Number of protein chains: 2
Amino acid sequence: MALKVRKNRIPPPACPISDCMRFLGGAWTPNIIWYLSPGPRRFSELRHDIPVVSAKVLTQRLREMEEHGLVLRHVMPTSPPSVEYELTELGQELLPVIAAIMSVGKRLKRRREEIAA
Amino acid sequence: MALKVRKNRIPPPACPISDCMRFLGGAWTPNIIWYLSPGPRRFSELRHDIPVVSAKVLTQRLREMEEHGLVLRHVMPTSPPSVEYELTELGQELLPVIAAIMSVGKRLKRRREEIAA
DNA sequence: CGGCTCAGTTACCAACAGGTTACCGCAGAA
DNA sequence: TTCTGCGGTAACCTGTTGGTAACTGAGCCG
């Protein structure tokens, strides 16, 4: 008897995950959102916050996030030019996701440590 | 759509996000978790659920998830070999994250449609 | 004037993840 | 006997991505 695909279950609704993950895709995007969460932050501050990320990638991510409507970019016409990035409302809606990711990640990390020990 | 979240190599020391994202990293991991959420599911069923993912990648993801303790792998010694995958408790703890990702994704999608209209 | 900072941009490059194809052993069906 | 389905694995190829280094250009400082 050949095995059949079981259909006697509630099918998950059409999965929008792929659409959604485009907004979190790319290295460091969650980190950037996290560091923007307390409030507006300048480019060089973000560089300082996440020193392992290169300027190029930071720019790329911020541009992408701006396109997606997750951040606002304010250019301050000060003497040393200064650019502030700020989470939009939509960007702030991602914070619970990131918080959840962090809490689960911590739990998994603890688990690994227990196994290692 | 490719749905890639890169597994970042060296994470920033202070921030646990990178550690956490390793568990969601790799293409299709969130989708797989989602399709496992209603209950155990066989390999070929998952292939049917997510036809765009290749067998190789599906195997890779399931193996990684098994290593991370997110899924259990049950080999049924039936005549056509059958392998069931099942979310562990830890894996189920990821579901709120995925639900959050989905809800935000839907919202962003609506927003894009409004802009396009 | 030289050099510094801020906020990038551009060109080039290596690594790696994911896709494709082929193949395996086994059992039951035709 | 051959064929198919299951659950993979191995070898190979390609595209993307993120890193590095060098550059810009305005404004200020000394």
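Chain A is the first sequence line, chain B the second, and so forth, proteins listed ahead of strands; every chain is numbered from 1. Quantities reported herein were computed from a predicted structural model and do not represent experimental measurements. Any value given below was found using the heavy atoms of this structure, including those in side chains, with hydrogens, waters and symmetry copies removed.
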**Study point:** Nearest-Å distance for atom pair CD1/C1', residues B:Ile32 and C:dG18
**Key:** 13 Å
Exercise for review: Could you check B:Arg61, B:Gln92, B:Met65 and say which one makes a side-chain contact (heavy atoms from CB on, under 4.5 Å) with B:Ile33?
Suggested key: B:Met65
**Study point:** Rounded interatomic separation in angstrom, taking CE from B:Met21 and P from D:dG18
**Key:** 12 Å
Review point. Does A:Ser54 make a side-chain N or O approach to OP1 or OP2 of D:dG19 shorter than 4.0 Å?
Key: yes
Review point. Does any N or O in the side chain of B:Ser82 come within less than 3.5 Å of the main-chain N or O of B:Met76, such that one atom is a donor and the other an acceptor?
Key: no
Exercise for review: Using the rule that two of Ile, Leu, Val, Met, Phe, Trp, Tyr join whenever any of their side-chain heavy atoms come within less than 4.5 Å, decide whether A:Leu72 and A:Leu70 are in one cluster.
Suggested key: no
Point to revise | Interatomic distance, B:Phe43 atom CZ to B:Thr59 atom OG1 [nearest 0.5 angstrom] | key: 3.5 Å
Exercise for review: Compare side-chain N and O positions of A:Arg61 against OP1 and OP2 of D:dG18 and report whether any pair is under 4.0 Å apart.
Suggested key: yes
Review point. Could you run down nucleotides 6-12 of chain C 5' to 3' and tag each one B, S or - for protein heavy-atom contact under 4.0 Å?
Key: BSSS-B-
Study note, to complete from the structure: Whole-Å distance, A:Leu58 CG to D:dG19 P, equals 11 Å
Practice item. Say whether A:Val75 and A:Leu62 are linked into one hydrophobic cluster, either directly or through other cluster members, by side-chain heavy-atom distances under 4.5 angstrom. Key: yes
Exercise for review: Report the distance from atom NE2 of A:His48 to atom C1' of C:dT5, rounded to the nearest whole Å.
Suggested key: 15 Å
Check your understanding: Considering residues, nucleotides and ligands other than A:His74, do more than 12 of their heavy atoms fall under 6.0 Å from its NE2?
Key -> yes
Review point. Can you tell me how far C1' of D:dT16 sits from CH2 of A:Trp28, to the nearest Å?
Key: 17 Å
Exercise for review: Could you tell me the separation between the CE atom of A:Met76 and the C1' atom of D:dA26, rounded to a whole number of Å?
Suggested key: 18 Å
